[in-house]
There are 2 protein chains.
Amino acid sequence: MITKIAITDDHKMVLKGIQSMLKDTKDIKIIGLYSSGSETLNAVEKDKPDILLLDINLPDTSGIDLCKQLKKNNKTLKIIAISNYDEVSFIKRMLNSGADGYVLKNTDKLELLTAFKTVLNGEQYLQRDVEKKLLAQSIGKKNVNTLLVKLTRREKEVLQAIFEELTTQEISEKLFISPKTVETHRMNIMSKLGAKNSVGIIKAAIENNLL
Amino acid sequence: MITKIAITDDHKMVLKGIQSMLKDTKDIKIIGLYSSGSETLNAVEKDKPDILLLDINLPDTSGIDLCKQLKKNNKTLKIIAISNYDEVSFIKRMLNSGADGYVLKNTDKLELLTAFKTVLNGEQYLQRDVEKKLLAQSIGKKNVNTLLVKLTRREKEVLQAIFEELTTQEISEKLFISPKTVETHRMNIMSKLGAKNSVGIIKAAIENNLL
DNA sequence: TTAAAATCAGGGAATACCCTTAGACCAACT
DNA sequence: AGTTGGTCTAAGGGTATTCCCTGATTTTAA
């Protein structure tokens, strides 16, 4: 029996990459390449793949929502999330949204095939590194990767505004919140980034790719 | 003449993707696939590719540093940065570090080939979207990019101190001058760089390699 | 020597920085 | 269903710093 695979990713390189990895494999056929969330929703209905490899970071939709939606409409469909990020909270939410597997983009052919077999078997598949990370967290060991700073949605907006050289007053008007709230956010950002002032915020933001 | 291409990316999928895109192309041969900064540094020396496609976001090194290093050791090597991000400040820093081109990961075969031809010709190649973004930014902004700003010796010292997140008071102590003098210098720097505050100073400084 | 650079100051308005506290809201876990 | 944790909101009440103007003297370099 041939397994029908579809792939959703907005990067052509990734689409091509997976396709080329799996091309000459027995029992597997790639029947669809999609590049957006909306396209995926439509195409999955008619292509009816057995497994969908789904990039989390799509331009038009959140991968979490899309995953829920797809699962609701297609009960038998297996979804394996593919992502650059091995952020634990992300993985957890993705799996809670119905994803059957989670692999990083540095995966190889063998790992992919194992993932396919596993999810078709009704089990959940996690890439080795990912599994390790989840485990490390649940044991209570603090994540080694503390360098990665997590800013909240609002903090990112304030950060962006600071980057635009706006004053507290201007930011408050832009975001429709009190200047006092803006200051609170700025203080929290400084604290998280270890910055002594706004200049430090901008330095850290650039260094950590937060913009 | 055959152009020798090497690719550095920590995602196997991207490596595979580019490889499969370029595989059947005349005059092009892929001679190296690397997955880390250190591996690239070593391998480039012996593989001697004409063009290196370099992912910016590597696990072990900053793409910017790696780019500088590679350029220093291999004068004739052309480097095209590939990245997910189209942040202007990043692109600028990458190009300032010696990259000959910048393409996003959603590029296609034709665009890649055009990029190759362009950089081999000694010119700089920017993906259409990227170019647009850079252009959009420099319009309406005081032209800091082309008219290279001339800061005096003292202004540069003050700039450096601001970058170190020091206050006016601290800067004055560091440079053995009055706080009032520091303020004067800061005002002049802001004026020269078209900045609205210290954040703007740091942005302009980074964009223009003034540090 | 003339222009640019570096130095300094007064004084005021605006803004940033700091600490603390606290209610409202929402999602997750027991 | 209740509790916890995180986020967002906001305020009081400060102090410190930046920003902005003007005007000035001295030093340095073309």
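Just so it is clear: chains get the letters A, B, ... in the order the sequence lines come, proteins before strands, and each one is counted from 1. If you're wondering where the values come from, they're calculated on a predicted model, not measured in any experiment.
- Side-chain nitrogen and oxygen atoms of A:Arg153 include at least one within less than 4.0 Å of the OP1 or OP2 phosphate oxygen of D:dC8.
- Residue B:Leu159 contributes atom CG, which lies 13 Å from atom P of C:dA6 at whole-angstrom precision.
- Whole-Å rounding puts the B:Lys192 NZ to C:dA6 C1' distance at 11 Å.
- Scored by the salt bridge (Lys or Arg N to Asp or Glu O under 4.0 Å) test, A:Lys174 finds A:Glu164 as partners (sequence neighbours excluded).
- Every residue meeting the side chain to side chain donor-acceptor pair (under 3.5 Å) condition with B:Glu173, not counting sequence neighbours, appears here in chain and number order: B:Gln169.
- Checked by atom type and distance alone, the side chain of A:Ser191 never pairs as donor or acceptor with a backbone atom of A:Met187 at under 3.5 Å.
- Rounded to 10°, the angle separating the first-five-pair axis and the last-five-pair axis of the helix from C:dT1-D:dA30 to C:dT30-D:dA1 equals 60°.
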Problem - Step-by-step side chain to side chain contact (heavy atoms under 4.5 Å, CB included) determination, A:Thr152 to A:Lys192 - result: CA-CA 11 Å; A:Thr152 67; A:Lys192 282 187 182 179; 4.0 Å; yes

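- In this structure, A:Lys156 atom NZ and D:dT7 atom C1' are separated by 13 Å, rounded to whole Å.
- Applying the 4.0 Å criterion to OP1 and OP2 of D:dT9, one finds that A:Thr181 has every side-chain N and O outside that range.
- In this structure, A:Glu45 contributes its side chain and A:Asn42 its backbone to no donor-acceptor pair below 3.5 Å.
- Looking only at distances, no side-chain donor or acceptor of B:Gln160 sits under 3.5 Å from a matching main-chain atom of B:Lys156.
- Phosphate contact (OP1/OP2 of D:dC19, side-chain N/O of B:Ser198, threshold under 4.0 Å): present.
- Closest to the A:His185 side chain, of the nucleotides D:dT9, C:dA6, C:dC17, is D:dT9.
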Completion exercise
Per-nucleotide protein contact along nucleotides 21-30 of chain D, 5' to 3', at a 4.0 Å heavy-atom cut-off (B base, S sugar-phosphate only, - neither), is ----------

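- With contacts defined as side-chain heavy-atom distances shorter than 4.5 Å, the pair B:Leu70/B:Leu66 qualifies.
- Sequence order on DNA chain C of the closest nucleotides to B:Thr152 and A:Ala195 puts B:Thr152 first from the 5' end.
- Atom CE of A:Met190 is separated from atom C1' of C:dC17 by 6 Å (rounded to the nearest Å).
- Salt-bridge formation is detected for the pair A:Lys203/B:Glu165: a Lys NZ or Arg NE/NH1/NH2 atom is positioned less than 4.0 Å from an Asp or Glu carboxylate oxygen.
- Comparing A:Leu166 and B:Asn188, the nucleotide of DNA chain C nearest to each residue sits closer to the 5' end for B:Asn188.
- A straight line from CZ of A:Arg186 to C1' of D:dT18 spans 12 Å, rounded to a whole angstrom.
- Of all the residues in residues 167-178 of chain B, B:Thr167, B:Thr168 reach under 4.0 Å from DNA chain D with at least one non-hydrogen atom.
- The CD1 atom of B:Ile162 sits 14 Å away from the P atom of D:dT17 (whole-angstrom rounding).
- A:Asp100 places a side-chain N or O within 3.5 Å of a backbone atom of A:Ile79 that can act as its donor or acceptor partner.
- Protein atom CD1 of B:Ile201 is 10 Å distant from nucleotide atom P of D:dT18, rounded to whole Å.
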Residues 114-125 of chain A side chain polar contacts: donor-acceptor under 3.5 Å, at least two apart:
{"from": "A:Thr114", "atom 1": "OG1", "to": "A:Leu110", "atom 2": "O", "distance (Å)": "2.7"}
{"from": "A:Thr118", "atom 1": "OG1", "to": "A:Thr114", "atom 2": "O", "distance (Å)": "2.6"}
{"from": "A:Asn121", "atom 1": "ND2", "to": "A:Glu123", "atom 2": "OE2", "distance (Å)": "3.4"}
{"from": "A:Tyr125", "atom 1": "OH", "to": "A:Glu111", "atom 2": "OE2", "distance (Å)": "2.6"}

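- Put simply, the side chain of B:Glu157 never gets that close to the backbone of B:Arg154: no donor and acceptor are under 3.5 Å apart.
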Practice task
Given salt bridge (Lys or Arg N to Asp or Glu O under 4.0 Å), test B:Lys105 with B:Asp9 step by step and report yes or no.
Solution key: CA-CA 11 Å; B:Lys105 285 197 178 172; B:Asp9 199 305; 3.3 Å; yes

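- Summarising the geometry, the separation between CD on A:Glu155 and P on D:dC8 is reported as 6 Å, rounded to the nearest angstrom.
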